[in-house]
Amino acid sequence: MSVASNDPGAAPAAPAPSDFIRDIVARDVAEQRYPTIVTRFPPEPNGYLHIGHAKSICLNFGIARENQGRCNLRFDDTNPVKEDVEYVESITADVRWLVAGWADHCLGLKPRGATPAKVTLDGREDHYLAPAAAGAAAEAFFASDYFEQIYGYAVELIRRGKAYVCDLSAEETDAYRGSPDQPGRDSPYRHRSVAENLDLFTRMRAGEFPNGARSLRAKIDMASPNIWLRDPLLYRIRHVAHHHAGDKWCIYPLYDFAHCLSDYLEGITHSVCTLEFEVHRPLYDWILQSLDLPRALPHQYEFAKLNISYTLFSKRRLLQLVTESHVSGWDDPRLPTLSGARRRGIPASAIRKLATLVGVTKFESVTDVALFEHAIRDELNRAAARRLAVLRPLKLVLTNLPAGETILIDATNNPQDEQPTTRPVALTREVYIEAEDFAEVPPPKYFRLKPGGEVRLKYACIIKCDEVVKDAAGAVVELRCTADLTTRAGGPNADRKVKGTIHWVSATTSFGAEVRLYDRLFTVAEPGATDDFTRHLNPASLQVVTARLEASLADARVEDRFQFERLGYFALDPKDSAPGRPVFNRTITLKDTWAKA
RNA sequence: UGCCCGAUGGUGUAAUGGUAGCACAAACGAUUCUGACUCGUUUUGUCUAGGUUCGAGUCCUAGUCGGGCAGCCA
């Protein structure tokens with residue numbers, strides 16, 4: 001099956017990606033194990049999303065999309081001390097941005113304020129939270145909206161003799177757990193009666209005990225070779241308010257207990273997570289199976305998270321970069337955060353393309369950042385309007401053009417379009433060219449401008465360098481050239497060839513603007529390999545220049561993508577641009593095979 | 001010295017017992033009013049040792065190397 005993309009300027013329909021998880025889903029679809037395929041993206045709202053999360057989002061939404069299913073956005077907010085609504089909002093915005101124009105229709109949200117409904121299925125009680133209908137007031141799912149149901153499931157586990165209230169302290173629990181190669185010992189509280197457990201758990205909820213005084217534990221096997229099966233904690237006491245649930249609770253479920261049940265309550269079919277949860281899967285299954293639930297159970301599958309060379313993904317280290325002001329904030333364009341990428345001008349479609357290029361496996365690989373750069377250039381090459389801009393201006397006088405004269409020429413907006421359009425740009429007596437496009441003593445194979453040499457001004461005409469003007473210090477400050485107007489498009493010598501074509505702007509109609517040139521943040525391929533990773537920060541990761549931009553760029557909008565010809569891809573900085581004072585960010589350079597030589 | 005998982009060119013992946021393919025990167029060439037794009041060519045690979053089989057990257061056994069697991073974090 002092939003899937004069309006709604007992205008403007010996106011590549012033609014490509015075959016749907018295939019990987020071991022999609023194979024499993026396809027098998028389940030073929031066997032009609034579930035009425036619809038439902039996945040979920042379940043971040044904890046305790047930080048910003050980055051490209052690594054994007055891989056998971058693309059996988060989960062991709063599966064939903066390819067199977068006419070749904071992917072719920074759910075906040076895994078079971079630890080109130082780490083979480084905040086600030087993150088809920090940024091994560092929601094980032095997810096929406098990433099799937100916009102691609103899988104918006106698969107984004108599973110719930111009716112605003114809704115909690116799971118009690119239903120009766122085959123005479124058995126069940127709970128289910130249906131997604132919001134299209135157009136209804138909706139919000140993301142929250143695990144904290146299920147605290148009542150999850151509490152009920154805990155009570156049920158106690159009734160079945162599969163959970164108990166334990167009075168061991170955190171340290172004692174640790175000691176009783178044993179070690180990977182040493183079995184644990186049973187808690188002295190393991191054999192409390194169901195009635196006592198019920199009473200104690202009720203009082204835990206009622207707030208009778210201080211933090212850490214007691215916990216609820218699953219009764220599994222303290223000698224299990226899998227540590228996660230050694231009577232794992234299900235609930236802890238925390239007398240703190242919750243950013244979403246308010247101050248209703250003083251006991252909070254742990255990840256392992258809340259996650260599988262949240263999946264169940266939402267009707268998730270395929271619960272996809274990263275490899276470190278592999279050893280938790282038996283617990284995921286144990287909890288669901290112990291409850292004897294009426295509906296089909298979700299299943300967990302694990303894949304390797306994304307690593308990219310020269311890129312840091314660790315939340316802790318990203319935080320350090322922000323707090324130590326190595327970058328300007330979580331949305332610094334040099335960061336791999338989704339907000340940073342967006343601000344830098346990276347299209348969501350490029351991130352999605354990267355996700356399909358890297359595939360999904362259980363091998364913890366390091367993807368070459370060049371693959372990401374390729375994805376970005378590929379998307380932008382298709383979509384970006386070409387413009388003329390000079391980053392480091394050098395004045396050039398066309399001595400045979402009168403001072404007041406303006407010649408309007410047609411410049412192609414995007415040669416990649418099937419029917420390219422043009423815009424007028426002004427050629428005047430004084431123009432700016434890129435300083436590095438002139439060399440007084442040219443290196444070998446240099447085919448830009450040199451004394452006595454010829455070059456074409458893109459879209460305009462061939463010029464010849466007659467004179468080099470220098471200041472007292474000997475620096476080149478101006479070039480005096482003659483323009484061969486017969487080489488203009490449509491002119492008699494339009495087809496005359498010169499080796500070099502360079503970009504330029506009119507000195508009189510262009511305007512100056514701040515342009516931020518970004519480069520990779522780190523100088524080493526694996527910046528996370530050492531603790532003193534800030535040592536490997538690239539001192540030139542940001543350079544700010546005052547560039548000269550062609551007049552039409554004054555009307556640039558935040559959503560526009562540009563290729564400054566021969567330089568790279570640029571977009572307006574959405575934060576620091578002001579009307580009449582645009583600031584451009586360089587998303588990425590053009591591939592430059594000359595610079596490498 | 002417990003349990004779980006993994007290993008295919010430089011990188012990321014495909015091949016579901018039957019011709020080791022694709023993409024990125026690199027190199028060279030063509031084309032070019034972007035040293036871009038596009039197009040063409042080339043280099044480089046199944047962790048090791050056994051076994052099963054007519055046939056093994058794939059299945060089995062052992063090993064090597066790498067990763068994960070001992071939060072009242074997720």
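Atom set for the values below is all heavy atoms of this structure, side chains included, hydrogens, waters and symmetry mates excluded. Protein chains get the first letters and strands the later ones, always in sequence-line order, with residue 1 at the start of each. Predicted model, so just to flag it, every value in this text is computed and none were measured.
- Anti is the conformation of G51(B), whose glycosidic angle sits further than 90° from 0.
- Residue-level contact check: Gly359(A) touches neither bases nor backbone, having no heavy atom under 4.0 Å from any strand.
- Annotation: side chain of Gln563(A) is in contact with side chain of Leu590(A) (closest heavy-atom distance under 4.5 Å).
- Separation of atoms CG (Asp437(A)) and CZ (Phe447(A)) is listed at 11.0 Å; rounding is to 0.5 Å.
- Across Ile502(A), Thr412(A), Thr501(A), Leu388(A), a single residue satisfies side-chain contact (heavy atoms from CB on, under 4.5 Å) together with Glu565(A), and that is Leu388(A).
- Of the side-chain N and O atoms in Arg236(A), one or more sit less than 4.0 angstrom from OP1 or OP2 of A74(B).
- Only one option out of Pro253(A), Ser271(A), Pro298(A), Cys273(A) pairs with His259(A) in a side-chain contact (heavy atoms from CB on, under 4.5 Å); it is Ser271(A).
- As rounded to whole Å, 18 Å separates atom P of U32(B) from atom CZ of Arg386(A).
- With distances taken from any side-chain atom of Pro415(A) to the nucleotides G2(B), U34(B), C72(B), the minimum falls on U34(B).
- As judged by a 4.0 angstrom heavy-atom cut-off over every strand, Val366(A) is placed among residues touching the sugar-phosphate backbone only.
- Across all strands shown, Arg238(A) has heavy atoms under 4.0 Å from base atoms, whether or not it also approaches the sugar-phosphate.
- Taking atom C1' in both G35(B) and A14(B), one finds a spacing of 34 Å when rounded to whole Å.
- Nucleic acid contact for Ser215(A): none, since no nucleic acid atom lies under 4.0 Å from a heavy atom of the residue.
- Leu354(A) has its CG atom 11 Å from the P atom of U13(B), to the nearest Å.
- Atom NZ of Lys315(A) is surrounded by more than 12 heavy atoms from other residues, nucleotides or ligands within 6.0 Å.
- Using a 4.0 Å heavy-atom criterion, one finds that Arg281(A) contacts no nucleic acid atom at all.
- Within 4.0 Å of Arg456(A), counting heavy atoms only, lies at least one base atom of the nucleic acid.
- At a threshold of 4.0 angstrom between heavy atoms, the contacts of Lys497(A) are confined to the sugar-phosphate backbone, with no base atom among them.
- The residue Phe447(A) sits close to a base: some heavy atom pair falls under 4.0 Å.
- Contact check, Thr367(A) against C24(B): no side-chain N or O comes under 4.0 Å of OP1 or OP2.
- Using a 4.0 Å heavy-atom criterion, one finds that Asn79(A) contacts the sugar-phosphate atoms exclusively.
- Taking only side-chain nitrogens and oxygens, Thr361(A) comes nearer than 4.0 Å to OP1 or OP2 of U13(B).
- Rounded to whole angstrom, the span from the CG atom of Asn226(A) across to the C1' atom of A70(B) amounts to 11 Å.
- The side chain of Asp368(A) has U11(B) as its nearest neighbour among A7(B), U34(B), U11(B).
- For the C1' atom pair drawn from G9(B) and C5(B), the interatomic distance equals 24 Å after rounding to whole Å.
- When the P atom of C33(B) is taken as reference, atom CG of Leu485(A) falls 19 Å away, rounded to whole Å.
- Among the atoms of the strands shown, base atoms are found under 4.0 Å from some heavy atom of Ser169(A).
- Between the CD1 atom of Ile308(A) and the P atom of G10(B) there is a distance of 21 Å, rounded to whole Å.
- Across all strands shown, Ser224(A) has no heavy atoms under 4.0 Å from either base or sugar-phosphate atoms.
- Using a 4.0 Å heavy-atom cutoff across all strands shown, Ala489(A) reaches at least one base atom of the nucleic acid.
- Residue Tyr255(A) is in base contact, counting any heavy-atom pair closer than 4.0 Å across all strands shown.
- In this structure, of C33(B), G35(B), U16(B), it is G35(B) that holds the atom nearest to the side chain of Tyr446(A).
- What separates CD1 of Ile376(A) from P of A25(B) is a distance of 12 Å, to the nearest Å.
- For the C1' atoms, the distance from C4(B) to C39(B) is 48 Å, rounded to whole Å.
- Using a 4.0 Å cut-off, no side-chain N or O of Arg488(A) falls inside it from OP1 or OP2 of C33(B).
- Across U38(B) and A74(B), the matching P atoms stand 46 Å from one another, rounded to whole Å.
- Asn226(A) places a side-chain N or O within donor-acceptor distance of the main-chain N or O of Val279(A), the cut-off being under 3.5 Å.
- Atom CD of Glu44(A) has more than 12 neighbouring heavy atoms from other residues, nucleotides or ligands inside a 6.0 Å radius.
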Worksheet entry | Secondary structure string for RNA chain B (Watson-Crick or G-U under 3.5 angstrom, | for other-strand pairs) | .((((((..((((....[..)))).(((((.......)))))....(((((..]....))))))))))).....

Polar pairs (N or O, both sides) under 3.5 Å between protein and nucleotides 59-68 of chain B?
from   : atom 1 : to        : atom 2 : distance (Å)
G67(B) : O2'    : Glu364(A) : OE2    : 2.5

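- Rounding to whole angstrom units, CD of residue Glu418(A) and C1' of C37(B) are separated by 16 Å.
- For the pair Arg214(A) and Phe209(A), the cation-pi test (distance below 6.0 Å, angle within 45°) is passed.
- The shortest distance between the side-chain N/O atoms of Ser365(A) and the OP1/OP2 oxygens of U13(B) is below 4.0 Å.
- In this structure, NZ of Lys362(A) is placed 14 Å from P of U13(B), rounded to the nearest angstrom.
- Remark: Arg177(A) is in phosphate contact with C72(B), judged by side-chain N or O atoms under 4.0 Å from OP1 or OP2.
- Base engagement by Gln563(A) is indicated by at least one non-hydrogen atom pair under 4.0 Å involving a base atom.
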